Student: 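Okay, here's the structure, questions in a sec.
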2 protein chains.
Amino acid sequence: MLPESFVATNFDVAQLRTGCATCSLRELCLPVGLNDQEIEVLTEVTGHKRKVQRGGYLYRAGTKFQSLYAVKSGFLKTCILEEDGRQQVTGFHMTGELLGLDAISTELHTCDAIALEDSEVCEIPFAKLEKISSIIPSLMHHFHKIMSREIVRDHGVMLLLGGMKAEERLANFLLNMSRRLAIRGYSETNFNLRMTREEIGSYLGLKLETVSRAFSKLQEEAVISVKNKHIQIHDLQRLKEKMGNSSCTT
Amino acid sequence: MLPESFVATNFDVAQLRTGCATCSLRELCLPVGLNDQEIEVLTEVTGHKRKVQRGGYLYRAGTKFQSLYAVKSGFLKTCILEEDGRQQVTGFHMTGELLGLDAISTELHTCDAIALEDSEVCEIPFAKLEKISSIIPSLMHHFHKIMSREIVRDHGVMLLLGGMKAEERLANFLLNMSRRLAIRGYSETNFNLRMTREEIGSYLGLKLETVSRAFSKLQEEAVISVKNKHIQIHDLQRLKEKMGNSSCTT
DNA sequence: TCTTTTAGTTGATCTGGATCAAAACCTGAT
DNA sequence: ATCAGGTTTTGATCCAGATCAACTAAAAGA
């Protein structure tokens, strides 16, 4: 256990060291502000790195929850599979995002996490995270923000699924990808999708044919170019207008 | 601040006192296990009770986030209103449920919370909750579970909105109400809805006419009786079969 | 390399739910 | 009680997206 002096001070995030043990911390996307000593403590929380190859499971629905996972590199989807075999994608996850939050409630994973390309994650044993959270209030607070952000994100999807039409949904989806890639330093107008039309459809509540048609329509209108999985956005503004409303987040 | 001895002990929840200051704690649905001293501490967290009359706002989208609210009695909805005026209901909330979790991320409320009948809530200043959480690990852990449960619930709705058809959605909705009422000691087959067809529709991603027709259909099939807002479920089993799949939670 | 498999596009048709419209019903206010 | 508002039901029509089907293109294996 730690002296009280550890609790709550604010330093610059740039002080985060770059070694591997702390890599997951940045992925935990901690613009929290911690000093070196605190980082020392946090380092404890970091479990092993784990590689998951394309098509592999990071975890499966129904298995015991032990850890959250911060995506270090790669791209994953989470999906729930229903009795009848059909599966619904609940999210796509890229570098820096945290997986497994849904499992805290029951201590069982409620969905499958599957890598859509070779990926690397940092395991964050949840019990450790909680222990350290109670020592470093800013970490705890930040963790609460992350969970809350997930709720807000889900509400955005609910809005999309509840009210929008196919083209709006796709515009939303593309702009969401674009923004998240931009944040990570990639082009916001030029990127490769990692998922199939079917997976996009599953996420957006559409059939793959409808997704395909919506792509084609946007291309005819010269808003985007689609070449298989490669997307080029020609007119971000117009794409945004197509999105209509809706607060698409994360 | 508190002596370390406070941290993590397990007592029986029956020890929770029944005074008003602690009322919100049970609403926070804390099957956590706390001793009297700990309850003393927790009492601190409880803010004022607040009454919201039918049609009134508990909070509005865009306003500053300060507190969570535990529903003490009554019934509320949360909804996001889009630019174009149309609003989407993101949830219905009854006794014991916690509102405002979405606001932690941005420190602004992302939706409106409106009472559908005269209601009473306990205000839980979030900063205080966090402070005490770091002293009482079991409280922190339970709070994490509550947030996680909200995420799971939202995934359930996404599943519903993404793939199910009108009748399945309504069956889901009714069974969800039924279960939540049963938990609170009310009849699971005989209850009054507090919301309009339009609000149900908004929540389920359907138009009010479709909701009405789905009600009528279930009634024709003698699965339920509908008399205005009063619902009687005649055949729970058959209703469950109609629901198909989907993990309807909370 | 060629072959098989999987993913994506595009067309034709069908249908569940949206939309439009009207009537019946409740609720609350005067 | 009566009236005005909102809510619900039900019918008729329409259309966005599902479904079915055929074909093309790109990976993955041999």
Side-chain angles (χ1 to χ4, degrees), chain A residues 53-56 77 84 86-89 114 116-118 160-174 192-221 224-232 242 244, chain B residues 53-55 77 84-89 114 116-118 160-174 192-221 224-232 242 244:
Chain A
Q53 67 182 179
R54 190 168 185 279
K77 68 171 176 180
D84 52 39
R86 203 58 254 118
Q87 69 171 27
Q88 167 135 350
V89 174
I114 299 172
L116 295 182
E117 61 179 33
D118 291 358
L160 180 145
L161 294 173
M164 299 178 29
K165 45 193 47 170
E167 213 185 320
E168 296 175 309
R169 295 186 197 198
L170 189 64
N172 234 300
F173 170 77
L174 288 173
N192 283 293
L193 297 173
R194 263 63 209 234
M195 69 296 278
T196 66
R197 301 289 188 261
E198 187 169 22
E199 286 162 335
I200 297 172
S202 172
Y203 182 61
L204 297 178
L206 300 170
K207 291 287 129 141
L208 67 99
E209 294 96 325
T210 308
V211 173
S212 179
R213 276 182 244 272
F215 269 126
S216 301
K217 179 125 183 291
L218 288 174
Q219 187 165 37
E220 276 163 35
E221 294 171 346
I224 63 173
S225 288
V226 187
K227 185 158 197 182
N228 204 21
K229 290 208 156 81
H230 182 262
I231 303 292
Q232 177 148 19
K242 287 193 174 289
Chain B
Q53 66 182 181
R54 192 169 184 278
K77 68 170 174 180
D84 52 38
R86 203 59 254 117
Q87 69 170 27
Q88 166 135 350
V89 173
I114 299 173
L116 294 182
E117 60 179 34
D118 292 356
L160 180 145
L161 294 172
M164 301 178 27
K165 44 192 49 168
E167 213 184 322
E168 295 175 311
R169 296 185 197 199
L170 190 64
N172 233 298
F173 170 77
L174 288 173
N192 283 293
L193 297 173
R194 264 62 208 236
M195 69 297 279
T196 66
R197 302 287 189 263
E198 187 169 22
E199 286 163 334
I200 297 172
S202 172
Y203 182 62
L204 298 179
L206 300 170
K207 291 288 129 142
L208 67 99
E209 295 95 325
T210 308
V211 173
S212 178
R213 275 183 244 272
F215 269 127
S216 300
K217 179 125 183 291
L218 288 175
Q219 188 166 36
E220 276 163 35
E221 295 172 345
I224 62 172
S225 288
V226 186
K227 186 158 197 180
N228 203 21
K229 291 208 153 82
H230 183 262
I231 304 292
Q232 177 147 20
K242 287 193 173 290

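Keep in mind that what you see is a predicted model, and the values were worked out from it rather than measured. Proteins get letters first, then strands, A, B, ... in listed order; numbering begins at 1 in each.
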Student: Of the listed nucleotides (C/dT9, D/dT8, D/dG17), which one gets closest to any side-chain atom of A/Arg197?
Tutor: C/dT9
Student: Taking only side-chain N and O atoms of A/Asn228, does any of them lie within less than 4.0 angstrom of OP1 or OP2 on D/dA27?
Tutor: yes
Student: For a quick test of reading the model: is some side-chain N or O of A/Ser212 closer than 4.0 Å to OP1 or OP2 of C/dT10?
Tutor: no
Student: Would you kindly give the CD-to-P distance between B/Glu199 and D/dT8, to the nearest whole Å?
Tutor: 9 Å
Student: If you pin B/Leu206 and A/Glu209 to their nearest nucleotides in DNA chain C, which one's is more 5'?
Tutor: A/Glu209
Student: Any side-chain N or O of B/Arg213 under 4.0 Å from OP1/OP2 of C/dG17?
Tutor: no
Student: Could you give me the CA-CA distance, side-chain angles and deciding distance for A/Lys217 and A/Glu167, then say whether salt bridge (Lys or Arg N to Asp or Glu O under 4.0 Å) is met?
Tutor: CA-CA 8 Å; A/Lys217 179 125 183 291; A/Glu167 213 185 320; 2.6 Å; yes
Student: Within this structure, what is the CZ-to-P distance between B/Phe215 and C/dC25, rounded to whole angstrom?
Tutor: 19 Å
Student: Rounded to whole Å, how long is the line connecting atom CG of A/Leu193 with atom C1' of C/dG8?
Tutor: 13 Å
Student: Under 4.0 angstrom, heavy atoms only, what part of the nucleic acid is A/Gly201 near: base, sugar-phosphate, or nothing?
Tutor: nothing
Student: At under 4.0 Å, does any side-chain N or O of B/Thr210 touch on OP1 or OP2 of C/dG16?
Tutor: no
Student: Look at all strands and tell whether A/Leu208 reaches a base, only sugar-phosphate, or nothing, counting heavy atoms closer than 4.0 Å.
Tutor: base
Student: Taking NZ, NE, NH1 and NH2 as the nitrogens, is one of them in B/Lys77 or B/Glu199 under 4.0 Å from a carboxylate oxygen of the other?
Tutor: yes
Student: Figure out the CG/C1' separation between B/Leu116 and D/dT7, and round it to whole Å.
Tutor: 15 Å
Student: Toward the 5' end of DNA chain D, which comes first, A/Glu167 or B/Thr196, by nearest nucleotide?
Tutor: B/Thr196
Student: Are B/Glu209 and B/Arg197 close enough for a salt bridge, meaning some N to O gap below 4.0 Å?
Tutor: no
Student: Could you walk me through whether B/Arg194 and B/Glu117 pass the salt bridge (Lys or Arg N to Asp or Glu O under 4.0 Å) check?
Tutor: CA-CA 7 Å; B/Arg194 264 62 208 236; B/Glu117 60 179 34; 3.0 Å; yes
Student: Find the distance B/Ile231:CD1 to D/dT8:C1' and express it as a whole number of Å.
Tutor: 12 Å
Student: Is the NZ atom of B/Lys165 crowded by more than 12 outside heavy atoms at less than 6.0 Å?
Tutor: no
Student: Starting at atom NE2 of B/His230, determine the distance to atom C1' of D/dT9, rounded to an integer number of angstrom.
Tutor: 19 Å
Student: Categorize B/Lys229 for me: base, sugar-phosphate, or nothing, with a 4.0 angstrom heavy-atom threshold over every strand shown.
Tutor: sugar-phosphate
Student: Tell me the interatomic distance from B/Asn192, atom CG, to C/dC26, atom C1', rounded to whole angstroms.
Tutor: 14 Å
Student: Just to be sure I understand the rule, does A/Gly163 reach a base, reach only the sugar-phosphate, or reach nothing, if contact means heavy atoms closer than 4.0 Å?
Tutor: nothing
Student: For the pair made of CD in A/Glu198 and P in D/dT19, what is the distance, rounded to whole Å?
Tutor: 12 Å
Student: On the nucleotide D/dG17, are OP1 or OP2 found under 4.0 Å from the side-chain N or O atoms that A/Lys165 carries?
Tutor: no
